[in-house]
Amino acid sequence: MSYKSDIEIAREAYKKPIQEIGAKLGIGSDDLLPYGHDKAKVSQEFINSVQGNDNGKLILVTAINPTPAGEGKTTTTVGLGDGLNSIGKKAAICIREASLGPCFGMKGGAAGGGYAQVVPMEEMNLHFTGDFHAITSAHNLLSAMIDNHIYWGNSLEIDERRVVWRRVLDMNDRALRDVVTSLGGVANGFPRQTGFDITVASEVMAILCLSTDLEDLQKRLGDIIVAYTRERKPIYARDIKADGAMTVLLKDAMQPNIVQTLENNPAFVHGGPFANIAHGCNSVIATTTALKVADYVVTEAGFGADLGAEKFMNIKCRKAGLAPDCVVLVATVRAMKMNGGVAKADLGAENVEAVGAGCANLGRHIGNLKQFGVPVVVAINHFVSDTDAEVEAVKAYVETQGSEAILCKHWALGSEGTKELATRVAEIADAGVSQFAPLYNDDMSLFDKIERVATSIYRADEVLADKKIRDQLRQWEDAGYGHLPVCMAKTQYSFSTDPSLRGAPTGHSVPVREVRLSAGAGFVVVICGEIMTMPGLPRVPSAEAIMLNEQGQIEGLF
């Protein structure tokens with residue numbers, strides 16, 4: 001039996017005018033800034049006007065460690081949002097925007113799949129409303145102004161060896177990881193070694209996603225540390241006088257985007273930090289606005305719960321004063337089999353024993369999430385090759401972990417396939433049983449925070465960090481940054497820093513390669529193992545299959 005592709009389903013969608021979607025949440029036409037007929041930005045004036053409203057219930061969707069078999073976290077987020085609306089609840093979803101890097105690389109887009117998608121899918125996965133371009137431009141404006149300041153006399157006495165601000169590009173391009181700039185003689189400035197990160201790893205991206213309004217945005221941008229003097233005195237973006245112009249470039253990008261699901265339910269799509277190298281959550285302003293206008297808000301955190309959910313709890317919730325009422329942990333029978341040692345080519349055959357062996361990964365995520373004091377429901381994202389015996393094996397295992405698993409068929413059936421999950425999640429959220437608390441306190445040392453995440457979430461035996469890194473952390477503590485949370489940059493494929501170690505590995509160490517202070521965003525980035533802040537394209541990138549057909553329609557996006 002053949003199935004329609006995601007892009008075919010999205011292309012056939014009946015989309016309502018965006019004004020009708022906004023009206024479902026009480027957002028009037030005057031407060032929508034349309035980008036065409038099916039997407040718009042929500043005005044700051046409207047956001048300000050609803051601050052006195054009570055908050056709805058917050059539901060976080062996260063997942064097991066990703067495998068090549070696919071998990072469907074965004075698909076489940078969309079399906080649950082549609083399911084809640086289908087059972088009579090007033091619900092909205094909040095997801096991240098897509099980066100061009102993975103769209104043209106290996107991962108694909110970020111709009112869901114099957115009959116649980118957000119549309120317009122093509123535009124969302126490409127340029128959308130231009131937010132990422134604005135972030136890239138603001139980031140690189142600061143880069144240009146730093147080099148320009150040095151060129152015109154360097155009155156701030158920046159040590160050119162200690163410029164820590166790199167450039168960014170929204171594309172996977174390994175050739176730009178380490179570069180030398182300003183070659184070509186006196187007219188081009190002073191040569192120095194630097195590099196590029198992908199835009200989703202930019203501190204400007206994190207700042208936009210954590211800011212509450214334009215005033216907060218400009219303050220955070222000004223707090224960015226871009227370099228140091230020879231005396232190790234920090235130089236800030238406001239010292240370069242870049243914060244005002246950067247804010248101007250981000251003025252429109254700061255406003256949340258609203259679109260719709262295939263079932264014409266409202267979806268906020270705003271911001272897009274990766275969870276393996278950044279904090280992995282959509283914007284605070286989108287989430288908090290949704291909570292003021294909907295009774296239930298379903299949001300997601302990137303990659304596995306060891307990355308996205310941990311950062312959602314320890315960074316986003318801490319910074320924004322949020323607390324999830326329920327967590328949905330997405331798993332698939334296929335991924336359980338892969339974690340149990342089955343090759344991707346053999347996933348279609350029933351293998352209950354392998355499912356049981358692979359459930360250790362799922363169990364660890366359940367235990368980790370419960371450390372935050374939140375109730376956990378497992379959503380089994382159904383694939384047509386799943387057998388009843390395999391599904392029952394997952395359900396039985398989850399029950400032994402003190403949780404419950406619900407089979408979901410939203411990819412094929414839309415909201416009809418998530419009504420059971422939606423009903424249960426609403427019951428849990430309404431019961432008010434969540435006792436959320438972050439994993440660590442602000443007053444712990446930075447290294448102790450790193451160890452707490454490594455030992456409690458990754459279940460590592462130790463953190464390996466040389467004297468240079470430990471000294472750097474202590475210097476930041478002495479400078480007043482010790483209260484910040486840590487943002488772990490680590491492979492998404494394993495609890496360890498070795499992407500080949502599936503399941504629930506123990507006896508491993510977490511080597512820290514580098515630490516970066518994001519003073520404007522308000523966290524310390526801890527780069528572990530071989531993770532790169534500028535990814536590379538795979539041997540056969542998705543871009544090779546993306547093209548326009550004879551009708552001028554896009555093919556190959558997924």
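Everything numeric here is computed off the predicted structure, so don't read it as measured data. These numbers come from the heavy atoms of this one structure, side chains and all, not from hydrogens, waters or symmetry mates.
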May I ask you to check whether over 12 heavy atoms, not counting those of [X], lie within 6.0 Å of atom [atom1]?
X      : atom1 : value
Asp30  : CG    : no
Glu416 : CD    : no
Gln51  : CD    : yes
Gln551 : CD    : yes

Please confirm whether the backbone N or O of [Y] pairs with a side-chain atom of [X], one donor and one acceptor, at under 3.5 Å?
X      : Y      : value
Ser542 : Gly105 : yes
Lys292 : Asn53  : yes
Glu8   : Ser5   : yes
Thr287 : Ser283 : yes
Asn265 : Val78  : no
Gln218 : Glu215 : no
Lys251 : Leu214 : no
Lys311 : Ala275 : yes
Lys39  : Met124 : no
Glu97  : Gly271 : yes

Does the pair [X]/[Y] count as a salt bridge with the N-to-O cut at 4.0 Å?
X      : Y      : answer
Lys4   : Glu12  : yes
Asp295 : Lys89  : no
Arg96  : Asp131 : no
Asp243 : Arg220 : no

Please find the pair of heavy atoms, one from [X] and one from [Y], that lie closest to each other, and give the distance.
X      : Y      : value
Pro485 : Asn314 : CB-O, 3.7 Å
Ile135 : Ser202 : CG2-OG, 4.5 Å
Thr212 : Gln44  : O-NE2, 4.4 Å
Val42  : Gln255 : O-CB, 3.5 Å
Gly308 : Cys281 : O-SG, 4.4 Å
Ile18  : Asp38  : CD1-O, 3.7 Å

Exercise for review: Would you indicate whether the side-chain heavy atoms of Val61 and Ile93 approach each other to under 4.5 Å?
Suggested key: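 Not in contact.
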Residues [X] and [Y]: side-chain donor-acceptor under 3.5 angstrom:
X      : Y      : value
Thr67  : Glu71  : yes
Thr74  : Glu300 : yes
Asp31  : Ser43  : yes
His410 : Thr75  : no
Thr418 : Asp82  : no
Lys73  : Asn381 : no
Asp170 : Thr136 : no
Asp325 : Ser434 : no

**Study point:** Non-neighbouring partners of Phe495 that pass ring-ring contact (aromatic ring centres under 6.0 Å, His included), sequence neighbours left out
**Key:**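 Residues passing ring-ring contact (aromatic ring centres under 6.0 Å, His included) with Phe495: His365.
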To the nearest 0.5 Å, how far apart are [atom1] in [X] and [atom2] in [Y]?
X      : Y      : atom1 : atom2 : value
Ile224 : Leu517 : CD1   : CG    : 11.0 Å
Leu421 : Ile406 : CG    : CD1   : 5.0 Å
Leu169 : Leu100 : CG    : CG    : 9.0 Å
Arg11  : Glu555 : CZ    : CD    : 5.0 Å
Cys94  : Ile258 : SG    : CD1   : 9.5 Å
Ser494 : Asn65  : OG    : CG    : 6.5 Å

Check your understanding: Parallel, tilted or perpendicular: which describes the rings of Phe372 and Phe436, with under 30° parallel and over 60° perpendicular?
Key ->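 Ring orientation, 0 to 90° scale: parallel.
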Exercise for review: Specify whether Phe303 and Phe274 have parallel, tilted or perpendicular ring planes, treating 30° as the upper limit for parallel and 60° as the lower limit for perpendicular.
Suggested key: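 Plane angle over 60°, so perpendicular.
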